[in-house]
Amino acid sequence: MSAPTLASGAPERRAPVRPARVLLHVFLAGTALAWLAPLLWAMFSALRPYGETSAKGYVSWPDTLNLDNFKNAFVQSDMTHYFVNTLLIAVPAVLLTLFLSSMVAFYVSRFDFRLNLALLLVFTAGNLLPQQVVITPLYRMYLLTDLPGITESGKLYDSALGLVLIHVAFQSGFCAFVLSNYMRSLPHELTEAALVDGASVWRLYWQITLPLCKPAMAALATLLSIWIYNDFFWALVLISTGENMPITSALNNLSGQYFTDPNLVASGALLTAIPTLVVYFALQRQFVGGLTLGANKS
């Protein structure tokens, strides 16, 4: 069989494989395997009965692989109830964070005033504080905030509203910073032309600027959904009633006082990870596109 030729008739020469490129691919494959190893091991453990692993050890060839642990974990932890709790926290928190941070980003990026940069720094400075630093005064404030008739507990403490507000407060700074940088890259001629035509500030924000920010908003929505869904710290501190816990804290239901089945816990952890995978794969194209915004701009 003849070698492929170019349009000029000369045979095509393949570029030689460089050792550095081979080492790069080996390194990337090894890194990917290292990241996937805990997930694969958890899946392997979740498919095995605990009696078999306790008798033969976890590093052994399995005799039985089934989905019994997944079924038991779903039923014993009452996972449906805690999934609903998590949705009642994550969905409003994501929408409120994107809405409020986009308004801040619009104001600091499209209007010039003396405290423009200082206002943005105030919003982003909150992300620099560790959560453990503010937990004591925040906990006291939640206990002292009365909300009769609004929450079941009558206070901001031990309520889904309290978790929504704390997530909005801690995530808005990062989102405002990202969106303001993206909005600054939009042509100012768009807003100037709309102002000449008599458009209001709200119309500039809602109908002109915000639709152009869909890639950045989709990327942030993906990140926020995963971060808020996987939160354990705030739910553990600010929720005391077990029925009000989100899904991550509900995994404690699979742990007994004197005995814990690690295979059952592994299956429960894998079940709780499914919604985050669904969100990521559903918004994968927008997420990757949002991360590469401005990469090709000079």
Side-chain angles (χ1 to χ4, degrees), residues 13-48 50 52-53 56-62 65 67 69-70 73 86 90 94 97 124 127-132 167 170-171 173-175 177-179 181-182 215-236 246-249 251 254 260-298:
R13 294 183 180 181
R14 293 185 177 180
V17 179
R18 295 177 295 176
R21 190 168 186 83
V22 174
L23 291 175
L24 176 62
H25 283 277
V26 171
F27 171 76
L28 293 176
T31 304
L33 184 61
W35 278 97
L36 289 174
L39 180 63
L40 296 176
W41 191 260
M43 177 65 72
F44 176 68
S45 300
L47 292 173
R48 299 182 68 184
Y50 175 75
E52 180 181 312
T53 55
K56 301 176 61 176
Y58 281 91
V59 186
S60 59
W61 188 259
L65 294 175
L67 300 176
N69 284 328
F70 291 95
T86 305
V94 171
T97 302
T124 56
N127 295 92
L128 303 178
L129 289 175
Q131 297 174 347
Q132 294 80 1
H167 286 307
F170 266 83
Q171 304 299 340
F174 171 75
C175 294
F177 176 76
V178 173
L179 288 174
N181 288 334
Y182 179 72
M217 297 280 281
L220 289 174
T222 307
L223 289 174
L224 288 174
S225 300
I226 295 174
W227 291 342
I228 296 174
Y229 179 88
N230 289 327
D231 170 68
F232 179 76
F233 176 77
W234 290 119
L236 185 65
I247 189 66
T248 50
S249 302
L251 288 177
L254 299 177
T260 298
D261 184 347
N263 295 23
L264 190 67
V265 174
S267 61
L270 291 173
L271 286 174
T272 60
I274 292 176
T276 59
L277 294 176
V278 171
V279 170
Y280 175 75
F281 286 116
L283 300 175
Q284 182 180 13
R285 181 175 299 179
Q286 292 85 350
F287 177 69
V288 175
L291 291 180
T292 57
L293 287 173
N296 298 326
K297 294 181 181 180
S298 55

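Remember, it's a predicted structure, so these values are computed and weren't measured experimentally.
- For the residue pair M43 and F70, the shortest heavy atom distance occurs at SD-CZ, 4.0 Å.
- The main-chain N or O of R48 is found under 3.5 Å from a side-chain atom of N69 such that the two form a donor-acceptor pair.
- Side-chain contact between Y58 and P262 is present, with heavy atoms from C-beta onward closer than 4.5 Å.
- Here the closest non-hydrogen pair linking A235 and D231 is N-OD2, 3.4 Å.
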Practice item. Run the numbers on F174 and L220 for side-chain contact (heavy atoms from CB on, under 4.5 Å), then give the verdict. Key: CA-CA 9 Å; F174 171 75; L220 289 174; 3.7 Å; yes
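- For the atom pair CG of L277 and CD1 of I226, the computed distance is 8.0 Å after rounding to the nearest 0.5 Å.
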Practice item. Please step through side-chain contact (heavy atoms from CB on, under 4.5 Å) for the pair L179 and M217, ending with a clear verdict. Key: CA-CA 8 Å; L179 288 174; M217 297 280 281; 3.8 Å; yes
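- Within 6.0 Å of atom CZ in F170, more than 12 heavy atoms from other residues, nucleotides or ligands are found, so the atom counts as buried in its surroundings.
- When all heavy atoms of A46 and L270 are compared, the pair lying nearest together is CB-CD1, 4.1 Å.
- Heavy-atom minimum distance, P38 versus A34: CD-O, 3.3 Å.
- In this structure, the side chain of T248 does not engage the main chain of N230 through any donor-acceptor pair within 3.5 Å.
- Residue pairs satisfying the ring pair (Phe, Tyr, Trp, His ring centres under 6.0 Å) criterion with at least one member in residues 22-44, sequence neighbours excluded, are listed as follows: W41-F44.
- Contact detail for E52 and W61: the closest heavy-atom pair is OE2-O, 4.2 Å.
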Practice item. Verify side-chain contact (heavy atoms from CB on, under 4.5 Å) between C175 and L224, making sure each step is shown before the conclusion. Key: CA-CA 9 Å; C175 294; L224 288 174; 3.7 Å; yes
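- Expressed to the nearest 0.5 Å, how far CD1 of I274 lies from CD1 of I247 amounts to 10.5 Å.
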Review point. Passes side-chain contact (heavy atoms from CB on, under 4.5 Å), H167 versus T97? Steps please.
Key: CA-CA 8 Å; H167 286 307; T97 302; 5.6 Å; no
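- The backbone N or O of L264 lies less than 3.5 Å from a partner atom in the side chain of S267, making a donor-acceptor pair.
- Distance CH2/W234 to CD1/I228: 13.0 Å, rounded to 0.5 Å.
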